[in-house]
S.K.: 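Below you will find the structure I want to go over with you.
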Number of protein chains: 2
Amino acid sequence: MSWFEKDVVVDEKESAFLAEYDPRDYPPVAVTVDVVALTIRAGVLHVLLVERGRPPQQGRWALPGGFIRPGEDLPEAARRELAEETGLSPRAHIEQLATYGSPERDPRMRVVSISYLAFAPDLPDPEAGSDAAAAAWHPALRPPELAFDHARILADGLERARAKLEYTPLATTFTGETFTISELRGVYETVWGVPLHAGNFHRKVLSVPGFVEATGHSTISGGSRGGPRAKLYRAGDARLLHPALLRPTETEQEEAR
Amino acid sequence: MSWFEKDVVVDEKESAFLAEYDPRDYPPVAVTVDVVALTIRAGVLHVLLVERGRPPQQGRWALPGGFIRPGEDLPEAARRELAEETGLSPRAHIEQLATYGSPERDPRMRVVSISYLAFAPDLPDPEAGSDAAAAAWHPALRPPELAFDHARILADGLERARAKLEYTPLATTFTGETFTISELRGVYETVWGVPLHAGNFHRKVLSVPGFVEATGHSTISGGSRGGPRAKLYRAGDARLLHPALLRPTETEQEEAR
DNA sequence: CCAAGACATTCTCAATATGAGAATAACTTG
DNA sequence: CAAGTTATTCTCATATTGAGAATGTCTTGG
């Protein structure tokens, strides 16, 4: 139960105040949501971008996003933008990333942007929406030049994604319904950008309670380049990984040279 | 260098667009910052609250905060609110927590609030500011009934603080310039709400590179209830703790019963 | 069909990190 | 001065992790 469902005291004085209250007395600020939607295609991390169809910065690529609507909640707006501009499934994991509000970030007026981070399994190429001339997946580490401060937002989203893989089972949101341990390892290697020890990764994933659960099935055939058929798993019910699956540290990587 | 310092192409079409652009075409939204300022007083975690001096919800306690000003950056607004309403030092650690924008969260109009989390060493009682009838430290775990959705914001801030102690040296921002290992342990025990093993904590803190560095000095006298004089340390230069200092897990706590 | 190479899965071993309990010694207060 | 507290260091058993390797199953190219 949230506060506004309780008996909030609204006496005469407060009623009078609300009646004469003029929202236009406050400095105008526009509020938008922007979405950093990530997926993995052909072993490379990709981010969804739209080509701006109108000024400012027309023709440049930007994160999908737009103004929030009256009566619309923030996560709702983020999901709408994602679906609207790209036709993406509304089931993708989505979480708030951060809010950007530097006074100079948009030349039109004061714009405060609440960014969201979304993870999705490999999806078909998106459809262009009304606001965008085009929408497409781009390599997340080598994107085209981005509009506004979206390069910074993307960088923050990538770092959040890398960190989240450590202590949550979110890597499974990049895979299909079922997956092999190797596919899961591929997600980690792609997002972190480092190769992992196959044997240790296997041991670790199976030892963390609730990370994955066996389906009892195996792949129909071995890998395209050989190897036995792998067991298939699905996401478990854990929301946090205990103990966490930590990235190799810098010192360890230096030692490996 | 940020994007707006670069050669952004502003052609005639874009200039024309900017000229005829009317910010008032967008639905009115007010943007505020709210600050969850935490400190430890007498071994208890406290949060800074102000008593609302005007409707709505006049008389209720709320997090310090207010509308952002034109041309003012978000972190800047958070620091200003903290200093303005309470006289707190602007040097306290402050970081963005999350943004709340449910359409029903304020009866006046659509209000989007960007919350900030601040840690400060024990400070004197604050002064009331212009917007607040009173400002005071309250126990963070048993606060008075809070206005709007501030109880939820406080809860999120507390969880963030607990998590941050694990992998960052932020506990040192709750202490003075120098501190003993026991004082540092006290911070962890207070924020996490669990007793820690003194010996293991001591070993851990000294083994994590860059967490603390010795000053070469010791306390003038032993603790108020006895014990030897303790060595004094200051915060080290690490920004992250490797390996992290993890909270006891639920299962471990259950086992200890 | 066969040999070579790829890959899933399981093990072994050494190095680290952690939880518990305890030993030592330096201070406090009554 | 005795008793109780606390800082600091150790010991030992248990987990966790990094590396390297062994095994057996498959795919691909002759």
Side-chain angles (χ1 to χ4, degrees), chain A residues 43 166-167 178-186 188-189 192 194-209 211-212 214-233 241-257, chain B residues 43 166-167 178-186 188-189 192 194-209 211-212 214-233 241-257:
Chain A
E166 291 192 321
Y167 59 95
T178 65
F179 49 84
T180 67
I181 301 293
S182 288
E183 288 171 348
L184 191 59
R185 177 162 50 85
Y188 277 89
E189 292 179 329
W192 286 349
V194 296
L196 299 176
H197 180 114
N200 292 342
F201 183 85
H202 205 280
R203 174 183 63 189
K204 175 70 182 179
V205 167
L206 296 184
S207 73
V208 174
F211 192 0
V212 300
T215 63
H217 298 150
S218 295
T219 53
I220 304 298
S221 65
S224 59
R225 288 184 294 182
R229 296 184 296 178
K231 293 178 185 169
L232 286 167
Y233 298 83
L241 305 184
H242 279 302
L245 208 165
L246 299 178
R247 283 176 269 192
T249 61
E250 284 185 12
T251 54
E252 276 166 356
Q253 291 208 53
E254 286 168 4
E255 287 165 6
R257 284 177 193 166
Chain B
E166 291 192 319
Y167 59 95
T178 66
F179 49 85
T180 67
I181 301 294
S182 288
E183 287 170 349
L184 191 61
R185 176 162 52 84
Y188 276 89
E189 292 179 328
W192 286 350
V194 296
L196 299 177
H197 181 113
N200 291 343
F201 183 85
H202 204 282
R203 174 184 60 188
K204 176 69 181 177
V205 168
L206 295 186
S207 73
V208 174
F211 192 0
V212 300
T215 63
H217 299 150
S218 294
T219 53
I220 304 299
S221 65
S224 59
R225 287 183 295 183
R229 297 184 295 179
K231 293 177 185 169
L232 286 167
Y233 297 84
L241 305 183
H242 279 304
L245 209 165
L246 299 177
R247 284 176 267 193
T249 62
E250 284 185 12
T251 54
E252 276 166 357
Q253 291 208 53
E254 286 167 3
E255 287 164 7
R257 284 178 191 165

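In what follows, chains carry the letters A, B, and so on, assigned in the order in which the sequence lines appear, proteins first and then strands, with residues in each chain numbered from 1.
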S.K.: Check ring-ring contact (aromatic ring centres under 6.0 Å, His included) between Y167(B) and all other residues, then give those that pass, not counting sequence neighbours.
M.R.: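 None.
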
S.K.: DNA chain C: K204(B) or L206(A), which has the more 5' nearest nucleotide?
M.R.: L206(A)

S.K.: Which protein N or O atoms sit under 3.5 Å from an N or O of nucleotides 4-8 of chain D?
M.R.:
| residue | atom | partner | partner atom | Å |
| --- | --- | --- | --- | --- |
| dT5(D) | O4' | R225(B) | O | 2.8 |
| dT5(D) | O2 | G227(B) | N | 2.8 |
| dT6(D) | OP1 | R225(B) | NE | 3.3 |
| dT6(D) | OP1 | R225(B) | NH2 | 2.9 |
| dT6(D) | O4' | G226(B) | O | 3.3 |
| dA7(D) | OP1 | S182(B) | OG | 2.5 |
| dA7(D) | OP2 | S182(B) | OG | 2.7 |
| dA7(D) | O5' | S182(B) | OG | 3.4 |
| dT8(D) | OP1 | K231(B) | N | 2.8 |
| dT8(D) | OP2 | H202(B) | NE2 | 2.9 |
| dT8(D) | O5' | H202(B) | NE2 | 3.3 |

S.K.: If every non-hydrogen atom of I181(B) is compared with every non-hydrogen atom of F201(B), which pair is closest and at what distance?
M.R.: O-CE2, 3.7 Å

S.K.: Which whole-number value in Å describes the distance from F201(A) CZ to dC7(C) P?
M.R.: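 The distance from CZ of F201(A) to P of dC7(C) comes to 16 Å, rounded to the nearest Å.
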
S.K.: Report the residue (L246(A) or H197(B)) whose heavy-atom-nearest nucleotide on DNA chain D is the more 5′ of the two.
M.R.: H197(B)

S.K.: If I compare all heavy atoms of H242(B) with all of P209(B), which pair ends up nearest, and what's the gap?
M.R.: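 Answer, listing the atom of H242(B) first, then P209(B): O-CD, 3.3 Å.
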
S.K.: So which heavy atom on T180(B) is nearest to which on A230(B), and how close?
M.R.: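 That would be CG2-CB, 3.7 Å.
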
S.K.: Round to the nearest Å and state the distance from L245(B) atom CG to dA17(C) atom C1'.
M.R.: 12 Å

S.K.: For N200(B) and dC10(D), give me the distance from atom CG to atom P, rounded to whole Å.
M.R.: 14 Å

S.K.: How close or far is atom P of dA15(D) from atom CG of L241(A), stated in whole angstroms?
M.R.: 20 Å

S.K.: Which is true for S207(B) with a 4.0 Å heavy-atom rule: it touches a base, it touches only sugar-phosphate, or it touches nothing?
M.R.: nothing

S.K.: Any chance you could lay out the side chain to side chain contact (heavy atoms under 4.5 Å, CB included) test for V205(B) and L184(B), step after step, and finish with the verdict?
M.R.: CA-CA 9 Å; V205(B) 168; L184(B) 191 61; 4.0 Å; yes

S.K.: Looking at every heavy atom in both R247(B) and E166(B), which two are closest together, and how far apart are they?
M.R.: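 Heavy atoms of R247(B) and E166(B) come nearest at N-OE2, 2.9 Å.
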
S.K.: Do you know the tightest heavy-atom contact between S218(B) and K231(B)?
M.R.: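 Nearest heavy atoms, S218(B) then K231(B): OG-CA, 3.8 Å.
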
S.K.: H242(B) NE2 to dT17(D) P: how many Å, rounded?
M.R.: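 To the nearest whole Å, that distance equals 15 Å.
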
S.K.: Any protein N or O atoms within reach of nucleotides 13-15 of chain C? Criterion: under 3.5 Å, listing atom names and distances.
M.R.:
none

S.K.: Distance check, rounded to the nearest 0.5 Å: L196(B) atom CG versus R185(B) atom CZ?
M.R.: 7.5 Å

S.K.: Provide, to the nearest angstrom, the distance between the CZ atom belonging to F211(B) and the P atom belonging to dA17(C).
M.R.: 16 Å

S.K.: For the CZ atom of F211(A) and the CG atom of L245(A), what is their distance to the nearest 0.5 Å?
M.R.: 6.0 Å

S.K.: Could you tell me how far apart L196(A) (CG) and dT17(D) (C1') are, to the nearest whole angstrom?
M.R.: 13 Å

